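Remarks on the structure that follows.
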Amino acid sequence: MKPLNVGMIGYKFMGKAHSHALKSVNFFFDLTYSPVPKVICGRHLEPLKKAAERWGWEEFSTSWEEVVKREDIDVIDICTSTDTHCAIAKAAAQNKKHIFCEKPLAMNVREAKEMLQAAEEAKIKHMVGFNYRRVPAVRLARKLIEDGKIGKIFHWRAAYLQDWIVDPDFPLIWKLRKEVAGSGPHGDLNSHLIDLAHYLVGDVKSVMCMTTNFIKYRKLPAEERELSTMLTAKSGEGVGEVTVEDASFVVAEFENGVLGAFEATRFAPGRKNYNYFEIYGSKGSLVFNFERMNELQFFSREEDLEVQGFRTILATEGVHPYISAWWPPGHIIGYEHTFIHEFADFLRCIEDDTTPEPNFYDGLKCQAVLDAALLSAERGERVEVKEVLKGVS
Ligand code: SOE
C-alpha cells in the first residue's frame with residue numbers, strides 16, 4: 001500500500017468521525033492508498049493535543065496556514081466551521097493538495113464558486129462530506145430508481161428533524177451564529193437533503209421558502225459569558241442574539257417536473273437525527289429514515305394487487321452497496337460506516353484518477369439551492385436557482 005499523508009483541520013465532531021474513518025478504511029476496503037494521520041490542526045492547544053493523542057495523529061499544529069503548505073502533506077481534510085472552508089480550501093488547492101471538505105461546502109454561492117475554480121485550476125481531487133449518499137440503503141434506492149422500479153417520479157418529500165436546541169437554556173454556540181455557520185438548520189441539515197435529492201431525483205429548478213425563529217436570544221457559552229460580564233462589568237449580561245433561522249421549509253420544483261419539499265428544524269422533540277425522505281413515482285414508492293438506516297421501504301405497483309404493500313428491505317446483504325466489506329447479512333452497520341465509505345471512495349478516485357462524487361461542483365449546486373431558498377424567504381416569492389448561480393460570476 002502507498003502512504004498518503006493527511007492534514008486534518010478541525011478536531012471536534014467531524015474530526016472524530018474522520019479520524020476514525022481514516023484509521024479504519026484499509027482494514028475493510030482493498031485500496032492502493034493508505035491514509036496516514038500525519039497532522040491534526042486546531043486553535044486550542046490543550047484539547048487539540050488530547051485529540052491528537054487519542055486518535056493517533058503523529059503531530060499537531062495550531063496553524064492551518066502552515067499545514068496546507070507542508071510538502072509532506074497530500075490531502076487536506078477540512079472539518080472546521082463553515083466560515084473557514086473557503087480560505088482553507090483555496091490555500092490547499094494552491095498548494096496542490098487533494099481536498100476533502102465537510103458540508104455545507106461554503107457560506108454562499110460566491111465562495112463555493114471560488115473553491116471549485118481553485119480546485120479545478122489545481123487539478124486536484126475534491127469531495128464534499130455529504131455522507132448520507134453512502135448509506136447502503138440510500139444507494140439501493142438509487143439503484144431501484146435507475147432500474148426503473150419507481151417509474152416516473154412525481155414527488156420528493158423530505159424532512160431533517162432534530163431536537164437539540166428546544167431547551168431555551170441551550171447556549172448560543174457557533175451553529176446559531178450567521179457569521180460562522182452561514183445559516184441554521186437550513187445549511188446544516190437541508191444541505192444533506194438537497195444533496196440527496198440531487199443524487200436520487202434530479203436538479204432543483206426553483207424554490208419557495210419560509211424560515212422562522214422560535215427563540216431569539218440565548219445565553220452565551222460559559223467562556224464567553226465570563227468575558228462579557230468582565231467587559232460590561234454588569235452581572236446578568238451574557239445573552240446574545242440567535243442570528244440564524246431555527247427552522248426552514250422549502251417547496252421546490254425540479255428540472256424534471258418533480259414537486260418536492262424540504263423541511264429542516266432543531267425543534268422537533270424526540271427526533272434525534274431524523275433524516276427522512278419519501279419518493280413517489282408511477283410504478284412505486286420509496287421511504288428512508290436515517291434513524292433506521294439499514295432499512296429501505298419499497299412499494300411496487302407492479303406486484304399482484306392482493307399482495308401489494310410497503311415492504312421493508314434490510315439492506316445488509318452482500319449484494320447491497322458496500323456491504324460485502326462488512327459483516328454477514330443482518331449484522332447491521334452504523335453512522336461511522338458512512339464516513340469510512342466516503343474515504344474508501346475518495347481514495348479509490350485518487351488511485352484510478354477518476355472524479356469523486358459529490359465534489360465541489362455538487363457542493364456548489366447544493367449551495368445555489370440553499371441560497372435561492374434564503375433569498376426566497378427574504379423576498380417572499382419564488383426564486384429560480386439559476387438566478388442565484390448567474391448573480392455571482
Ligand atoms: C447537526 O447536529 C449535525 O451534526 C450535522 O452537522 C451533520 O451534518 C448531520 O449529519 C448530523 O447533524
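Heavy atoms only: backbone and side chains are in, while hydrogens, waters and symmetry mates are out. Note that the structure is a prediction, hence the values are computed from the model and not measured. Note that ligands are numbered from 1 as they come in the structure, with each ligand's atoms numbered from 1 the same way.
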Spell out, yes or no, whether Leu196 and Phe249 are grouped together once hydrophobic residues are joined by side-chain heavy atoms under 4.5 Å, including indirect joins.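 Different hydrophobic clusters.
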Parallel, tilted or perpendicular, as decided by the 30° and 60° cut-offs, for the rings of Phe262 and Phe254: parallel
Is the distance from the ring center of Phe339 to that of His20 below 6.0 Å?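 For Phe339 and His20, the ring centres are not under 6.0 Å apart.
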Going by heavy atoms, is [X] under 4.0 Å from ligand 1?
{"X": "Glu102", "value": "no"}
{"X": "His192", "value": "yes"}
{"X": "Lys175", "value": "yes"}

Looking at [X], which atoms of ligand 1 are within less than 4.0 Å of one of its heavy atoms?
{"X": "Lys103", "result": "5 (C), 6 (O), 7 (C), 8 (O)"}
{"X": "Phe13", "result": "4 (O)"}
{"X": "Tyr160", "result": "9 (C), 10 (O), 11 (C)"}
{"X": "Asn273", "result": "11 (C), 12 (O)"}
{"X": "Tyr132", "result": "9 (C), 10 (O), 11 (C)"}

Over 12 foreign heavy atoms within 6.0 Å of OH, Tyr361: no
If you count every heavy atom of other residues, nucleotides or ligands that lies below 6.0 Å from Lys216 atom NZ, does the total exceed 12?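 More than 12 heavy atoms, drawn from other residues, nucleotides or ligands, come within 6.0 Å of this atom.
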With rounding to the nearest 0.5 Å, note down the distance linking CG in Leu172 to CZ in Arg177.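 Here the rounded value is 4.0 Å.
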Is His126 reaching over with its side chain to a backbone N or O of Asn359, donor-acceptor style, under 3.5 angstrom? no
Of all the non-hydrogen atoms in the protein, which one sits nearest to atom 1 (C) of ligand 1, and at what distance? Asp188 OD2, 3.1 Å
What is the nearest protein non-hydrogen atom to atom 2 (O) of ligand 1, stated with its residue, atom name and distance?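 Answer for atom 2 (O) of ligand 1: Gln162 OE1, 3.0 Å.
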